[in-house]
Amino acid sequence: MPWVRNQMAARAAEELQDGWYVNLGIGIPTLVANYVGDKDITLQSENGMLGMGPFPFEGDEDPDLINAGKQTITELNRTAYFDSATSFGMIRGGKIAAAILGAMEVAENGDLANWMIPGKLVKGMGGAMDLVAGVGRVIVVMDHTNKHGDSKLLKECTLPLTGKAVVDRIITNLGVLDVVEGGLKIVECADGVTEEEVRAATEATIV
Amino acid sequence: MKKIYPNAAEALDGLLFDGMFIAAGGFGLCGIPELLLGAIKDAGTKDLTFASNNAGVDDFGIGILLQTRQVKKMISSYVGENAEFMRQYLSGELELEFNPQGTLAERMRAGGCGIPGFYTKTGVGTVIAEGKEHKDFNGETYIMEEGIFADLAIVKAWKTDETGNLIFRKTARNFNPPAAMCGKTCVVEVEEIVPTGSLDPDHIHLPGIYVHRIIQGDHEKRIEQRTTRKREEA
């Protein structure tokens with residue numbers, strides 16, 4: 001059985017090491033926070049916060065306290081606030097250990113496309129280009145194929161790039177793959193999924 | 001020199017002109033200079049270029065200046081929440097320059113620090129890098145981005161003393177300090193003006209040297225995405 005969203009998030013949480021400062025993207029990456037367990041993980045929100053807490057209780061929403069998805073959130077006793085230039089200084093400066101992001105396409109050399117589809121409404125890259133260029137490790141969490149059944153792990157991206165050769169590891173509903181010399185390497189298959197099934201669903205070169 | 005003005009219109013008096021370049025603080029609708037934007041709308045200043053991370057929503061933030069066609073160009077990282085923006089952009093009435101969010105913040109900070117250009121890895125190999133100078137440092141390729149030097153900065157802070165020493169609140173700080181720094185003149189709107197001497201000098205987020213004019217007012221502080229969790233039973 002391929003992994004469902006929460007299983008992908010739980011698998012992604014295993015990537016995080018005790019003491020890490022981490023940035024989580026929107027969608028499945030946000031769910032990763034539910035699975036960090038006892039590990040000491042500090043979440044960064046790139047609009048200017050380290051130590052992001054859960055959503056507030058109804059009635060406790062504060063318009064001055066939001067995450068990068070503009071959702072109301074809460075602070076923790078360890079929280080620190082700072083301005084956007086400082087925030088992206090720590091991203092660009094490599095202080096954030098990892099970013100977990102969604103993607104539309106990943107290429108076998110680690111190219112990532114997740115911000116724009118030509119001909120469709122372009123909303124902007126936000127902080128995604130800064131994150132993938134700056135953080136220590138870029139982990140993509142996404143479905144292995146798109147809704148037409150086509151592979152999202154490609155020899156080359158067809159969409160405009162967010163970053164060139166930036167992805168380190170990909171966690172899909174079918175398993176875990178690393179970007180290595182010459183292509184992608186299967187690290188692990190989802191429970192009950194065979195390596196043949198992963199290969200069949202992947203356009204990128206598997207080494 | 002007295003920095004405190006009675007209202008937004010008087011604080012902007014003599015600073016506005018058609019075709020000017022304005023840097024605005026705020027992230028989404030959080031920490032935006034909503035009173036000063038309202039006064040710019042009332043003043044009717046046209047052909048404005050804004051450096052601002054977002055463009056507001058249709059009826060709040062910079063969105064109100066889009067409705068009145070006062071904006072010529074936006075320099076932003078994300079503009080997805082504004083239908084009128086998209087309409088004007090797709091019909092060619094509005095220019096749009098996408099900047100990665102960190103590049104935009106650093107362009108403001110750099111401009112404020114007298115740095116006309118800097119090199120960053122952000123955007124290398126993407127459309128953002130097209131036409132920009134590339135340079136290698138220690139075997140890695142970087143692109144040059146330019147500092148922003150705005151005619152005017154409009155920002156929102158939580159508190160100030162009478163000399164313009166600013167304190168921001170939580171994530172409403174965001175782009176406000178770098179925006180304030182890159183303006184030739186900076187006008188700040190705050191929720192509270194406290195007597196000089198009542199703020200702890202060690203707790204100032206942005207010193208008053210960057211602040212030229214101050215107004216105090218009531219803020220709507222709209223929430224864009226209200227998300228909550230259920231209170232668990234004790």
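Values below: all heavy atoms of this structure, side chains included; hydrogens, waters and symmetry mates excluded. Each chain gets a letter, A, B and so on, in the order the sequences are listed, and its residues count up from 1.
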> Which one, A/Gly48, A/Ser84, A/Ala68, leads in non-hydrogen pairs under 4.5 Å with chain B?
Replying inline: A/Ser84
In Å, rounded to the nearest 0.5 Å, how long is the span from [atom1] of [X] to [atom2] of [Y]?
X       : Y        : atom1 : atom2 : value
A/Glu75 : B/Thr171 : CD    : OG1   : 9.5 Å
A/Asp83 : B/Leu206 : CG    : CG    : 8.5 Å
A/Glu58 : B/Arg229 : CD    : CZ    : 12.0 Å
A/Phe88 : B/Arg109 : CZ    : CZ    : 14.5 Å
A/Ile66 : B/Leu29  : CD1   : CG    : 7.5 Å
B/Asn99 : A/Met129 : CG    : CE    : 10.5 Å

More than 12 non-hydrogen atoms from neighbouring residues, nucleotides or ligands closer than 6.0 Å to [atom1] on [X], yes or no?
X        : atom1 : value
B/Asp218 : CG    : no
B/Phe149 : CZ    : yes
B/Glu146 : CD    : no
A/Lys155 : NZ    : yes
A/Lys95  : NZ    : no
B/Glu220 : CD    : yes
B/Ile209 : CD1   : no

>> Need one label for B/Val79: side chain, backbone, both or neither, based on atoms under 4.5 Å from any heavy atom in chain A.
In response: both
>> Between B/Ile128 and chain A, with a heavy-atom cut-off of 4.5 Å, which part of the residue counts as in contact: side chain, backbone, both or neither?
In response: side chain
> Does A/Asp60 reach the side chain of B/Arg231, with side-chain heavy atoms less than 4.5 Å apart?
Replying inline: yes
Nearest heavy-atom pair of [X] and [Y]: which atoms, and what distance?
X        : Y        : value
A/Gly163 : B/Thr126 : N-CG2, 4.0 Å
A/Thr72  : B/Thr227 : OG1-O, 2.7 Å
A/Gly124 : B/Tyr78  : O-CD1, 3.6 Å
B/Phe27  : A/Asn67  : CE2-O, 3.9 Å
B/Phe98  : A/Met125 : CB-CE, 3.6 Å
B/Thr122 : A/Ala133 : CA-CB, 3.7 Å

>> Taking salt bridge (Lys or Arg N to Asp or Glu O under 4.0 Å) as the criterion, tell me which of B/Lys221, B/Arg222, B/Arg226 meets it with A/Glu61.
In response: B/Arg226
> Where on A/Val122 is there a heavy atom nearer than 4.5 Å to chain B: the side chain, the backbone, both, or neither?
Replying inline: both
> At a heavy-atom separation under 4.5 Å, does A/Ser45 approach chain B through its side chain, its backbone, both, or neither?
Replying inline: neither
>> So that I can tick it off, tell me whether A/Asp62 and B/Arg169 are bridged by a salt bridge, with the cut-off set at under 4.0 angstrom between side-chain N and carboxylate O.
In response: yes
Output yes when a side-chain donor or acceptor of [X] lies under 3.5 Å from a complementary backbone atom of [Y], and no otherwise.
X        : Y        : answer
B/Thr228 : A/Phe57  : no
A/Asp130 : B/Gln101 : yes
A/Arg92  : B/Lys121 : no

> Given the options B/Asn53, B/Asn54, B/Asn82, which has more heavy-atom pairs under 4.5 Å with chain A than any of the others?
Replying inline: B/Asn54
